[in-house]
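Notes follow the structure.
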Amino acid sequence: METRHYVPEPCLLAPESVTDYPHSYDVPPETQSALGDWDSWLTAGAGMSPETREMLEEWRRQQEAGEYHSESCEPVVFYDECLGEAPGWKVGGWPPWGRTDSYPEFCTVCDARMVPLLTIATYEWDGGPSRSWAPEEEQAAAYAQTHWTADDPAHATQIQVGSTDNMQLYICPTSHDHPHTQLIQ
């Protein structure tokens with residue numbers, strides 16, 4: 001093995017079912033418009049968990065009070081960080097955006113749009129202000145740790161893909177015999 005960052009540290013595998021949604025740039029323009037409006041969020045909030053509603057209210061309060069750079073508290077940022085594509089290792093789901101725009105992968109045999117099979121991530125959740133993707137049992141640790149410490153619970157596998165990126169494996173939906181493709185971003 002060329003580097004130790006490709007061999008996972010022993011850690012607990014605790015799969016959980018989550019629902020993620022596409023990145024805000026992957027939805028139609030009318031949905032993007034609704035995502036950018038706090039009033040739309042609060043009107044739709046009846047179905048939110050109390051925790052999500054509290055987080056949303058806090059983001060809105062911070063934006064209105066000017067406590068953060070205005071862009072960091074925009075409602076669309078809340079969507080992308082707290083509800084959009086789930087970070088971390090996952091099977092299926094929406095592909096994460098990296099340093100570049102989302103780039104569709106196409107099958108080299110039939111030209112069908114490939115679908116995400118597996119994402120291998122450097123971190124299970126980000127160090128952003130929400131940490132909303134941290135499991136319930138890791139919430140206290142998520143807020144206590146810095147993003148870059150060696151014992152960061154969000155980096156339990158100690159695998160590092162590229163420069164803290166994700167490796168995504170894609171398959172052809174028309175035939176599993178067609179070659180897969182990969183993308184690191």
Side-chain angles (χ1 to χ4, degrees), residues 15-45 47-49 51-60 62-63 68-107 111-135 138-139 142 147 152 154-155 157 159-173 180-185:
E16 54 187 331
S17 179
V18 299
T19 301
D20 65 351
Y21 299 96
H23 190 278
S24 62
Y25 293 146
D26 288 332
V27 299
E30 60 275 5
T31 305
Q32 286 180 10
S33 178
L35 291 176
D37 178 28
W38 279 124
D39 292 330
S40 294
W41 278 95
L42 296 174
T43 301
M48 290 182 190
S49 71
E51 295 82 13
T52 302
R53 186 167 183 81
E54 181 180 317
M55 193 181 321
L56 179 63
E57 290 284 359
E58 178 63 15
W59 276 55
R60 184 177 185 179
Q62 290 171 355
Q63 182 189 31
Y68 285 98
H69 182 272
S70 61
E71 190 175 296
S72 68
C73 286
E74 291 293 325
V76 72
V77 175
F78 172 82
Y79 169 83
D80 285 334
E81 288 193 10
C82 300
L83 303 172
E85 76 275 355
W89 290 55
K90 64 181 176 180
V91 175
W94 288 93
W97 277 51
R99 294 182 182 96
T100 63
D101 293 349
S102 181
Y103 184 78
E105 299 289 321
F106 293 94
C107 179
D111 208 34
R113 186 167 180 173
M114 308 279 278
V115 295
L117 170 66
L118 177 67
T119 299
I120 299 169
T122 299
Y123 288 96
E124 286 300 304
W125 63 84
D126 69 15
S130 66
R131 293 176 177 83
S132 64
W133 290 104
E138 297 286 353
Q139 286 289 319
H147 188 65
D152 187 345
H155 194 199
T157 64
I159 284 186
Q160 182 170 327
V161 178
S163 179
T164 67
D165 295 315
N166 297 302
M167 173 184 268
Q168 301 149 46
L169 302 177
Y170 292 83
I171 59 170
C172 177
H180 74 279
T181 188
Q182 65 182 359
L183 176 64
I184 294 180
Q185 63 172 7

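- Residues passing the side-chain contact (heavy atoms from CB on, under 4.5 Å) test with Pro15 are Leu13, sequence neighbours excluded.
- For Asp37, there are no salt bridge (Lys or Arg N to Asp or Glu O under 4.0 Å) partners, not counting sequence neighbours.
- Here the shortest heavy-atom pairing between Ala86 and Val18 reads CB-CG2, 4.3 Å.
- In this structure, the separation between CG on Asp111 and SG on Cys172 is 9.5 Å, given to the nearest 0.5 Å.
- Shown here for Thr119 and Gly88, the closest heavy-atom pair between the two residues is CG2-O, 3.8 Å.
- When all heavy atoms of Asp20 and Gly84 are compared, the pair lying nearest together is CB-O, 3.7 Å.
- Nearest approach of Leu35 to Tyr79, heavy atoms of both residues: CD2-CD1, 3.6 Å.
- Judged as a side-chain contact (heavy atoms from CB on, under 4.5 Å), and not counting sequence neighbours, the contacts of Trp89 are Ile120, Ala121, Glu124, Thr157, Ile159.
- Taking each heavy atom of Glu85 and Pro22 in turn, the nearest pair found is OE1-C, 4.2 Å.
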Output side-chain donor-acceptor pairs under 3.5 Å for residues 26-33, partner residues at least two apart or in another chain, one line each.
residue: Asp26; atom: OD2; partner: Trp97; partner atom: NE1; Å: 3.0
residue: Gln32; atom: NE2; partner: Ser24; partner atom: O; Å: 3.1
residue: Gln32; atom: NE2; partner: Val27; partner atom: O; Å: 3.3

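- Counting heavy atoms from C-beta outward, Thr122 and Asn166 have side chains that stay 4.5 Å or more apart.
- A heavy-atom distance below 4.5 Å is found between the side chains of Tyr170 and Pro95.
- The CG atom of Leu83 sits 12.5 Å away from the NE2 atom of His23 when rounded to the nearest 0.5 Å.
- In this structure, Lys90 NZ and Leu118 CG are separated by 10.5 Å, a value rounded to the nearest 0.5 Å.
- Under the side-chain contact (heavy atoms from CB on, under 4.5 Å) criterion, Ile184 pairs with Val161, Asp165, Met167, not counting sequence neighbours.
- With sequence neighbours excluded, the residues satisfying side-chain hydrogen bond (donor to acceptor under 3.5 Å, both in side chains) with Glu105 are Thr181.
- Gln168 contributes atom CD, which lies 12.5 Å from atom NE2 of His180 (distance to the nearest 0.5 angstrom).
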